[in-house]
Amino acid sequence: MELMDRWVSRETDPAARRRARATLWVALLLAPWAPIIGGMLATQGAPGSGMAIGATALVSLAVPFLVRAGLVGVASHLQVAVLTVGLAFSAAMLGGVGTPPTAWLAIVPVLAYVTNGARGGLVWTGLVVAAAAALHVWQLLGGVLVPYLFGGWEVVGTVSCIGLYLTVGGLVRANDAITRQLVEQLEAARAAEVEANRAKSRFLANMSHEIRTPLNAMLGYTELVQEELEDIGSAESLRDLERVGRSGRHLLALINDILDMSKIEAGRLDVVRKPLSLAEVVRDVAESVRPLLDANQNSLAVEAVEVRVVADPDRVRQIALNLLSNAAKFTQEGTVAVQVVADPAYGWIHVRDTGIGMTPEQLQKVFDPFVQASDSTTSRFGGTGLGLSIASRLAILMEGELTATSRAGEGSCFSLRLPLANTPRPGGGP
């Protein structure tokens with residue numbers, strides 16, 4: 001394909017490029033076979049037919065140059081025309097209707113469809129039918145020296161061939177109509193899906209903003225009341241307000257996740273790119289999740305060398321916090337290990353745990369939105385299934401990648417890859 005693309009004009013549209021490739025394929029197929037078959041016919045006492053078939057090889061040699069010049073239509077029509085003339089002439093020389101070359105004319109509508117489209121296939125179907133009729137007339141007029149069919153069966157042979165050509169042409173036309181209808185249906189369904197997704201994203205973004213504003217006010221007033229209760233020493237009421245505050249902050253985190261997901265799907269989430277230290281991010285996040293690690297009696301191992309990458313600091317912290325929180329949440333009395341390493345082009349954060357792990361089926365869906373490992377996992381550990389999906393998409397927005405490996409009952413490993421700060425960017429910047 002790469003070799004043929006060198007002969008395809010760069011100015012052609014994708015449809016013309018496909019037709020050009022198909023035309024070149026036909027030329028490559030005919031070029032070696034035409035002289036072989038022509039030579040065999042010549043040695044069997046049919047020099048005229050052999051020359052007609054062999055001539056297609058010469059035309060096939062010209063086809064790549066026409067395609068390279070951008071004359072794809074001319075090249076494909078010429079290829080099909082020479083093939084039609086060569087087969088019809090060979091049929092006349094070998095005995096008329098019913099000879100092998102006459103049957104081979106059935107491939108002409110197919111090749112015309114592939115190299116010229118549906119309209120070209122229909123046109124050449126008519127031309128092949130006309131060629132078969134002309135061959136029959138030529139045979140009746142005595143133009144064929146040694147008829148292949150005789151005793152009145154010439155009409156049967158001609159009608160059979162014409163029926164074959166029309167059937168092939170009809171199948172080509174039906175296939176094109178069905179394909180075009182399916183493509184239109186797929187395009188309409190995709191457009192509807194895109195519009196529905198946009199409407200959903202707009203709704204989620206608007207509703208998230210509407211909910212987050214009063215919720216922030218409620219949390220602020222809760223903190224003020226907590227301070228007053230601390231001053232007067234009302235311990236019982238203070239514990240109740242602390243529960244309200246924790247629940248409110250949890251709800252706010254869920255709303256922020258939904259808002260991030262809606263922005264990502266709508267293509268409205270912007271990320272900044274500047275140098276940052278992965279080791280510093282990992283150490284800060286590790287300290288913030290230590291209470292969750294201690295609650296599940298997990299030990300934490302951090303191995304962080306100095307690696308500087310180009311990424312959004314807030315989003316990298318968001319991803320690292322999600323990975324470490326998940327590792328701490330799904331691991332009981334185990335170990336969570338965080339490692340920062342680098343290769344020649346990327347910096348890596350590996351988060352490994354000895355928790356419950358995942359099956360291969362669960363691992364395939366781990367980055368899908370609103371999906372968790374199983375219903376039992378949801379009921380036991382909670383969550384919405386948005387965190388990893390958002391983290392994966394944020395990594396892509398920062399020209400990185402988030403991957404995962406896992407085994408059920410043995411733990412999981414999530415790896416975040418980000419471009420190094422000194423790696424040349426596609427636009428020429430750092």
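Because the structure is predicted, anything quoted here is derived from the model rather than measured.
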Q. If you measure from the Lys or Arg side-chain nitrogens to the Asp or Glu carboxylate oxygens, is any gap between R243 and D240 under 4.0 Å?
A. yes
Q) Which residue pairs satisfy the side-chain hydrogen bond (donor to acceptor under 3.5 Å, both in side chains) criterion with at least one member in residues 274-289, sequence neighbours excluded? A) S277-E306
Q: Apply the test side chain to side chain contact (heavy atoms under 4.5 Å, CB included) to residues S412 and T405: give CA-CA distance (whole Å), side-chain angles for both, the deciding distance (0.1 Å), then the verdict.
A: CA-CA 6 Å; S412 305; T405 58; over 6 Å; no
I want to check something: taking the side chain as every heavy atom from C-beta on, are [X] and [Y] in contact at a cut-off of under 4.5 Å?
X    : Y    : answer
R290 : L300 : yes
F330 : D353 : no
V272 : P313 : yes
R407 : M358 : no

Q: In sequence, state the C-alpha distance, the side-chain angles, and the governing distance for V338 and E303, and then conclude on side chain to side chain contact (heavy atoms under 4.5 Å, CB included).
A: CA-CA 6 Å; V338 186; E303 180 185 347; over 6 Å; no
Q. Aromatic rings Y346 and W348: how do their planes relate, parallel, tilted or perpendicular, breaks at 30° and 60°?
A. perpendicular
Q: Answer yes if the side chains of T335 and S299 hold a donor-acceptor pair under 3.5 Å, and no otherwise.
A: yes
Q | Check against side chain to side chain contact (heavy atoms under 4.5 Å, CB included), N326 and L324 | A | CA-CA 5 Å; N326 282 347; L324 277 169; over 6 Å; no
Q) How far apart are the closest heavy atoms of S325 and L321, and which atoms are they? A) OG-O, 2.7 Å
Q.
Using side chain to side chain contact (heavy atoms under 4.5 Å, CB included), reason through M398 and V316 one step at a time and then give a plain yes or no.
A. CA-CA 9 Å; M398 294 185 292; V316 174; 4.0 Å; yes
Q. Quick one: does S406's side chain have a donor or acceptor within less than 3.5 Å of a partner on G357's backbone?
A. no
